[in-house]
Amino acid sequence: QVQLVESGGGSVQAGGSLRLSCAASGYTYSSYYMGWFRQAPGKEREGVAAIRSDGYARYTDSVKGRFTISQDNVKNTLYLEMDNLKPEDTAMYYCAFNVGRIVGWVPLSAEQYYYWGQGTQVTVSS
């Protein structure tokens, strides 16, 4: 059973930075993909960034140039470095994981992920 535990959320002012972490355990698969999603009150869950086990990454347009997704395969930890944060980035951020080998892209839709963490809150004030 894959378990995901997020940390690193908090409250910052616009223009600030945060780094989210997602500690993953309970798997031995070599081919997988992981993603960060966010959900603001009254809005649908949105894919922010995703990465394959081979390092291929993809971002939603609104965070390109500001957010960086990375993974430490030794520590089994996924990261999301968020710079130049904006009030519209305020949301609950979730880590997600799924098994499988994907060629050419990595999904940013929630339906493509099976395992989810509990989330960590990010609040950006203006």
Side-chain angles (χ1 to χ4, degrees):
Q1 181 75 12
V2 177
Q3 293 184 325
L4 306 171
V5 179
E6 302 98 332
S7 61
S11 297
V12 296
Q13 291 190 330
S17 298
L18 283 173
R19 188 175 81 156
L20 304 183
S21 299
C22 173
S25 62
Y27 69 96
T28 57
Y29 314 106
S30 59
S31 296
Y32 58 86
Y33 47 97
M34 300 185 72
W36 286 101
F37 292 76
R38 64 186 180 188
Q39 188 167 19
K43 295 188 176 181
E44 293 187 355
R45 191 165 294 191
E46 173 192 25
V48 175
I51 189 167
R52 292 190 319 224
S53 49
D54 64 358
Y56 177 88
R58 180 185 172 197
Y59 300 88
T60 193
D61 287 346
S62 63
V63 307
K64 285 181 180 177
R66 300 190 298 121
F67 290 12
T68 303
I69 189 171
S70 62
Q71 58 188 351
D72 185 326
N73 293 328
V74 175
K75 296 181 179 180
N76 289 342
T77 302
L78 180 73
Y79 300 101
L80 185 68
E81 181 72 38
M82 305 185 295
D83 298 318
N84 191 21
L85 282 160
K86 303 176 180 180
E88 51 264 42
D89 295 318
T90 295
M92 183 71 79
Y93 282 71
Y94 299 90
C95 171
F97 175 100
N98 204 11
V99 179
R101 182 173 179 269
I102 292 181
V103 178
W105 67 295
V106 59
L108 280 176
S109 60
E111 293 77 14
Q112 299 292 325
Y113 292 81
Y114 186 78
Y115 298 98
W116 291 84
Q118 294 300 307
T120 185
Q121 178 68 36
V122 172
T123 303
V124 185
S125 58
S126 57

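All of these numbers come straight from a predicted model, not from anything done at the bench.
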R66 pairs by side-chain hydrogen bond (donor to acceptor under 3.5 Å, both in side chains) with which of N84, D89, D83?
D89

Min side-chain heavy-atom separation M34-C95 under 4.5 Å
yes

Give me the atom names and distance for the closest heavy-atom approach of P107 to I102.
CD-CD1, 3.5 Å

What's the spacing between D61 CG and L108 CG if we round to 0.5 Å?
10.0 Å

Just say parallel, tilted or perpendicular for the rings of Y27 and Y32, cut-offs at 30° and 60°.
perpendicular

Does V48 share a hydrophobic cluster with Y59, counting links as ILVMFWY side-chain heavy atoms below 4.5 Å and allowing steps through other members?
yes

Please check this pair: side chain of T90 against backbone of E88, looking for a donor-acceptor N/O pair closer than 3.5 Å.
no

Does any part of the side chain of F67, heavy atoms only, come nearer than 4.5 Å to the side chain of E81, both counted from C-beta?
no

I'd like to know whether E46 forms a side-chain contact (heavy atoms from CB on, under 4.5 Å) with S62, so could you lay out the CA-CA distance, the side-chain angles of the two residues, the decisive distance to 0.1 Å, and finally the verdict.
CA-CA 11 Å; E46 173 192 25; S62 63; 4.0 Å; yes

Scan for ring-ring contact (aromatic ring centres under 6.0 Å, His included) pairs involving residues 102-126, sequence neighbours excluded, and state none if there are none.
Y33-Y113, F37-Y113, F37-W116

Which atom of L85 lies closest to which atom of L18, heavy atoms considered
CD1-N, 3.9 Å

For G119 versus M92, what's the shortest heavy-atom pair and its separation?
C-SD, 3.7 Å

Cationic tip of R19 above Y79 ring, under 6.0 Å, 45° of axis:
yes

Examine L78 and V63 and state if one hydrophobic cluster contains both, with Ile, Leu, Val, Met, Phe, Trp and Tyr joined whenever side-chain heavy atoms are less than 4.5 Å apart.
yes

Which atom pair, heavy atoms only, marks the closest approach of S53 to Q71?
O-NE2, 3.4 Å

Taking the side chain as every heavy atom from C-beta outward, state whether W36 and E6 have any pair of such atoms under 4.5 Å apart.
yes

Looking at every non-hydrogen atom in both residues, tell me the closest pair between I51 and S70 and how far apart they are.
CD1-CA, 4.2 Å

Any side-chain heavy atom of R38 within less than 4.5 Å of one from Y94?
no

Measure from the side-chain N and O atoms of N73 to the backbone N and O of K75, and report whether any donor-acceptor pair falls under 3.5 Å.
no

T120/L20 under side-chain contact (heavy atoms from CB on, under 4.5 Å): CA gap, chis, key distance, verdict:
CA-CA 8 Å; T120 185; L20 304 183; 3.9 Å; yes

Which atom pair, heavy atoms only, marks the closest approach of M82 to V122?
CE-CG2, 3.8 Å

